Visitor: 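The structure under discussion is supplied below as structure tokens; questions concerning it will follow.
Everything quoted here is computed from the prediction, not taken from an experiment. Every chain is numbered from 1 and lettered A, B, ... according to where its sequence line falls, protein lines coming before strand lines.
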There are 2 protein chains.
Amino acid sequence: MKAISGFPTKQEMRDHKRREIVRCASEKFGTEGYENVPLDAIAAELGVTKAALYNYVSSKNDLLMQCYEVGMDRLIASVEQAMDMPSDTAAERLRIALETYVVTMTRKDMQYLWNDIRPLLAPGDKRSVQTSRDKIDSLFRAMLQDGIDDGSLRADLEPKLASLVILGAVNWVGIWFRASGSKKPQEIARAVVSDAMRGYLA
Amino acid sequence: MKAISGFPTKQEMRDHKRREIVRCASEKFGTEGYENVPLDAIAAELGVTKAALYNYVSSKNDLLMQCYEVGMDRLIASVEQAMDMPSDTAAERLRIALETYVVTMTRKDMQYLWNDIRPLLAPGDKRSVQTSRDKIDSLFRAMLQDGIDDGSLRADLEPKLASLVILGAVNWVGIWFRASGSKKPQEIARAVVSDAMRGYLA
DNA sequence: CACTTTGGTTACCGTCGGTTACCAAACTTG
DNA sequence: CAAGTTTGGTAACCGACGGTAACCAAAGTG
């Protein structure tokens with residue numbers, strides 16, 4: 001192997017191509033809907049044939065999973081970043097993280113995660129999918145626990161139950177939200193999060 | 001027309017057959033998943049050919065819509081019944097209605113409404129589907145308003161926003177709930193509804 | 001320079017939603 | 001009751017699409 005620095009290795013090339021496929025698919029799924037995007041369309045847009053895609057993904061469903069993973073990673077990253085913002089109480093950090101979560105979720109290229117993908121992954125329930133979900137769940141549960149500890153949230157809340165209720169309320173936004181509405185995502189996020197958290201404040 | 005009483009008219013026969021198709025489809029969709037049930041399978045179970053179904057439904061999607069309608073009607077009926085239970089305050093009636101809603105939704109034959117159907121009906125958004133949803137929404141908003149009026153709920157809550165938040169929390173149950181879990185639906189309903197409503201109590 | 005590996009193509013298959021042509025039995029009507 | 005006509009079904013087929021098999025050219029390798 002030559003290994004002149006700066007030249008991508010074969011493995012890097014391969015991975016780059018795979019990511020490009022996922023990126024292209026993600027865009028088309030998001031705008032046209034999973035069911036309405038034949039693999040031929042994705043292949044054509046990339047200038048190859050459908051069969052070529054199967055060098056990088058094992059099935060159309062697998063491709064969807066990879067799109068899901070990318071989206072979830074972005075969601076997780078945005079929440080983690082919001083969690084690190086300085087604030088007086090854990091409750092305040094939780095509020096910021098939740099609002100960020102909602103705003104990220106209402107982005108056009110994120111919406112289909114909740115409407116198209118989630119229902120389709122019930123049966124196989126690939127490991128990576130469950131991992132993303134658990135990650136988000138644990139982030140919020142940790143914040144809830146912090147809130148109990150520093151007294152900014154009710155001492156008698158159950159983190160497990162509370163995270164289900166709160167995440168239910170905010171995830172639901174991703175389902176009914178349509179960009180055509182008059183309210184801006186930031187406004188919606190503030191209102192929904194405020195209401196969803198109220199019952200848990202100390 | 002003979003019209004001897006007790007003999008079904010042609011229209012009744014036709015409608016009865018249509019309902020039988022929907023019932024059969026609903027059961028198969030619920031247990032095997034919409035995508036995994038070919039029309040041939042439904043037709044075979046009814047002892048006819050696929051083409052015969054098209055005398056009663058206009059497409060597979062239309063069949064799914066009709067399943068949705070039946071399920072939603074059942075959901076609405078159960079909530080309306082719960083609303084009529086005698087209780088001291090509007091908040092208490094709301095609690096009972098919500099718990100009933102959750103319990104009904106976790107029934108095996110209702111679950112797929114939320115996981116399979118809802119995502120698929122976004123584009124066409126048939127009128128009847130929107131109607132069912134609006135109906136449920138208006139029922140809960142009315143209860144919220146009653147609660148404001150009789151003082152059992154916070155006077156400053158916005159019914160529109162509150163119904164989205166609360167319904168989000170409870171609808172989410174239909175998505176993560178699996179009958180295999182250890183908790184009974186009734187317990188889950190009580191816990192979730194209690195938490196979801198807490199922030200709105202006066 | 002053989003020879004294997006990689007990444008692609010063309011051609012094809014099976015499934016499935018949906019349609020068309022047709023047919024038999026049940027109504028309708030003069 | 002005989003002659004249309006409507007109804008509800010069948011058999012055969014079509015086109016779209018996910019996925020596969022056979023093959024091939026170019027790059028990598030000893």
Visitor: A/Glu35 has an atom CD; how far is it from atom P of D/dC17, in whole Å?
Guide: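 That distance rounds to 12 Å.
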
Visitor: Would you say B/Tyr54 reaches D/dG8's phosphate, i.e. side-chain N/O to OP1/OP2 under 4.0 Å?
Guide: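 Checking D/dG8 against B/Tyr54, no side-chain N or O comes under 4.0 Å of OP1 or OP2.
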
Visitor: When we call it a touch if two heavy atoms are under 4.0 Å apart, what does A/Lys17 touch: a base, just sugar-phosphate, or nothing?
Guide: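 Since only primed, P, OP1 and OP2 atoms lie under 4.0 Å of A/Lys17, the category is sugar-phosphate.
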
Visitor: Counting only heavy atoms from other residues, nucleotides and ligands, does the tally under 6.0 Å from CD of A/Glu20 exceed 12?
Guide: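 Yes, CD of A/Glu20 has more than 12 neighbouring heavy atoms, counting only those of other groups under 6.0 Å.
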
Visitor: Whether the side chain of A/Lys60 and the base of D/dG19 hold a donor-acceptor pair under 3.5 Å is what I'd like checked.
Guide: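 No, the side chain and the base share no sub-3.5 Å donor-acceptor pair.
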
Visitor: So does A/Glu35 have more than 12 non-hydrogen atoms from other groups sitting under 6.0 Å from CD?
Guide: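 Yes, the 6.0 Å shell around CD holds more than 12 heavy atoms from other groups.
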
Visitor: Within this structure, what is the CG-to-C1' distance between A/Leu39 and D/dT20, rounded to whole angstrom?
Guide: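 Interatomic distance, CG of A/Leu39 to C1' of D/dT20: 13 Å.
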
Visitor: Select one nucleotide: of C/dT19, C/dG7, C/dG18, the one nearest the side-chain heavy atoms of B/Ala51.
Guide: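 Looking only at heavy atoms from C-beta outward on B/Ala51, the closest nucleotide is C/dT19.
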
Visitor: Using a cut-off of 4.0 Å on non-hydrogen atoms, how would the nucleic acid contact of A/Val57 be classed: base, sugar-phosphate, or nothing?
Guide: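 Counting heavy atoms under 4.0 Å across all strands, no contact is made by A/Val57.
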
Visitor: Which nucleotide in the list C/dT9, D/dG9, C/dG7 gets nearest to the side chain of A/Tyr56?
Guide: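 Nearest nucleotide to the side chain: C/dG7.
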
Visitor: Report the distance from atom CG of A/Asn55 to atom P of C/dG8, rounded to the nearest whole Å.
Guide: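 Atom CG in A/Asn55 sits about 6 Å away from atom P in C/dG8.
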
Visitor: Nearest to the A/Ser59 side chain among C/dT9, C/dG17, D/dG19, which nucleotide is it?
Guide: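 Of the candidates, D/dG19 comes closest.
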
Visitor: Does any non-hydrogen side-chain atom of A/Trp172 lie less than 4.5 Å from one of A/Phe177?
Guide: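 No - every pair of side-chain heavy atoms lies 4.5 Å or more apart.
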
Visitor: If the cut-off is 4.0 Å, is B/Arg14 near the phosphate of D/dG8, judged by side-chain N/O to OP1 or OP2?
Guide: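 For B/Arg14, the contact criterion (side-chain N or O under 4.0 Å from OP1 or OP2 of D/dG8) is met.
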
Visitor: Does the ring of B/Tyr54 carry B/Lys60 above it, NZ/CZ under 6.0 angstrom from centre and within 45° of its axis?
Guide: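 No.
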
